[in-house]
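The next block holds one structure in the form of structure tokens; read it before the comments.
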There are 2 protein chains.
Amino acid sequence: MGQESGTHVWLVLWKASRAVERNALASISGLGIGLSDFAVLELLLHKGPQSVNWIGRKVLLSSGSITAAIDRLEARKLVKRTTDAEDLRSRIVKLTGSGRKLIERAFAKHAADMEETIAVLRPREREDLVRLLKKVGLWAESRAEG
Amino acid sequence: MGQESGTHVWLVLWKASRAVERNALASISGLGIGLSDFAVLELLLHKGPQSVNWIGRKVLLSSGSITAAIDRLEARKLVKRTTDAEDLRSRIVKLTGSGRKLIERAFAKHAADMEETIAVLRPREREDLVRLLKKVGLWAESRAEG
DNA sequence: GCAATCTACCTTGATATCGAGATAATCGAG
DNA sequence: CTCGATTATCTCGATATCAAGGTAGATTGC
């Protein structure tokens, strides 16, 4: 029994992530939005109005993708673009009333579903998992940049 | 300090997976193939010739996506479709000589890179991480189906 | 033996994503 | 003040993915 190889850890990580992602998607797709759009709305709900660019960096979308995402959400009147008085290049995105209502509902459902999805793990296990994932995640991130 | 919430565990899992995925992609994109194509070739290398359908299930691609993937690989002469004598509906996919050469090289590089990517984790930590990921992954998978 | 059903694969149409390049506003050096 | 560099956003083309539907071979029930 040798140690876990890098490829094996990666495979397991990938599969687990896919499986949990399917749970997350199922939890919100009923509301007609995908994971990216959900992430954008959730960010606006908890962090308040933000610039397009900043949102894109936070949810790991490229500049092209975040524009498309905001377009989608704006078309459905879930968010609104406003101009920043201080920097005319910057467009500030904020939730509309219906957007707020939708994301509040979606987030509550999502949180409940995610709770069930990781319910197999006991509190101590969750802490361990988070610690290990952060450790390898941060390392991988720094490697990906450098 | 309450326990880790489901959404937080999911967020950390997602970020770690994305970060490691970027490493994996960087490791093989130099050879002109993406992660899906790599997974297909790697499967053929280690499991031998297989039917299109079976490959798709193994690498978690939909029927449309796996066809497109095999088309890509076939266009680059990395794999070849042959007919199965026993079931004419089934097309058996096998590596060509150059396909084998490519994936052997790619896999070696990939394995080395993944080893470095998880090098922050000590053997014991890797085991823990794999155990926890499998636990939550299997659970999430069964939930996604049911 | 043949009709109904199933299975494997492919095709098509709709989305989502990215990267590169375009545009416009801001900043900074001189 | 003005020119070049930087920053924020958008546009466009290419790629990847999925879901649904189509075709042809295989299987089952009668």
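A, B, ... follow the sequence lines: proteins, then strands. Residue 1 opens every chain.
Closest approach of A:D37 and A:A69 over heavy atoms only: OD1-CB, 3.8 Å.
The hydrophobic cluster containing A:L102 does not contain A:M114, counting ILVMFWY residues as joined when their side-chain heavy atoms lie under 4.5 angstrom apart, directly or transitively. Follow the hydrophobic side-chain contacts under 4.5 Å out from A:L11 and you never reach B:L43; the two are in separate clusters.
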Would you mind writing out the side-chain donor-acceptor pairs for residues 73-84 of chain A within the sub-3.5 Å range, not counting sequence neighbours?
unit_1 : atom_1 : unit_2 : atom_2 : d
A:E74  : OE1    : A:R81  : NH1    : 2.5
A:E74  : OE2    : A:R81  : N      : 3.2
A:R76  : NH1    : A:G32  : O      : 2.9
A:R81  : NH1    : A:D71  : OD1    : 3.1
A:R81  : NH2    : A:D71  : OD1    : 3.0
A:T82  : OG1    : A:I92  : O      : 3.1
A:D84  : OD1    : A:E86  : N      : 2.9

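Near-neighbour residues of DNA chain C inside residues 65-73 of chain B, defined by a heavy atom below 4.0 Å, number-ordered: B:T67. Listed in residue order, the members of residues 50-59 of chain A having a heavy atom less than 4.0 Å from DNA chain D are A:S51, A:V52, A:N53.
Evaluation of the salt bridge (charged side-chain N to carboxylate O under 4.0 Å, His left out) rule for A:E125 yields B:R131, B:K135 as partners, not counting sequence neighbours.
Protein chain B contacts DNA chain D from D:dA16 to D:dA26, reading 5' to 3' and using non-hydrogen atoms of the protein with a distance under 4.0 Å.
Spacing between atom CD1 of B:I92 and atom P of C:dA8 amounts to 11 Å, rounded to whole angstrom units. Look at CG on B:L25: it is 11 Å from P on C:dC18, rounded to the nearest Å. Atoms CG (B:D84) and P (C:dT7) sit 17 Å apart, rounded to a whole Å. For the pair B:L61 CG and C:dA8 C1', the computed distance is 16 Å after rounding to whole Å.
With hydrogens and angles disregarded, a donor-acceptor distance shorter than 3.5 Å links the side chain of A:R18 to the backbone of B:L60. Judged by distance alone, with hydrogens and angles left aside, the side-chain atoms of A:S27 form no donor-acceptor pair with the main-chain N or O of A:N23 at under 3.5 Å. With hydrogens and angles disregarded, no donor-acceptor distance shorter than 3.5 Å links the side chain of A:W10 to the backbone of B:A111. No donor-acceptor pair under 3.5 Å is formed between the side chain of B:W14 and the backbone N or O of A:E21. Counting only distance, with no hydrogens or angles, the side chain of A:S17 and the backbone of A:L13 share no donor-acceptor pair below 3.5 Å.
B:T7 OG1 to A:F107 CZ: the interatomic distance, rounded to the nearest 0.5 Å, is 5.0 Å.
Taking a cutoff of 4.0 Å between a charged side-chain nitrogen and a carboxylate oxygen, A:E115 and B:R143 do not qualify as a salt bridge.
If you run side chain to side chain contact (heavy atoms under 4.5 Å, CB included) between A:V9 and each of B:I118, B:V20, B:T117, only B:I118 comes through.
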Worksheet item: Where along nucleotides 21-29 of chain C does protein come under 4.0 Å, by heavy atom, of base (B) or sugar-phosphate alone (S), with - for untouched nucleotides?
Response: ----BS---
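When each of A:G64 and A:D37 is assigned the nucleotide of DNA chain C with its nearest heavy atom, A:D37 is the one assigned upstream, toward the 5' end.
Residue-level contact check: B:S62 touches the bases, meaning some heavy atom is under 4.0 Å from a base atom.
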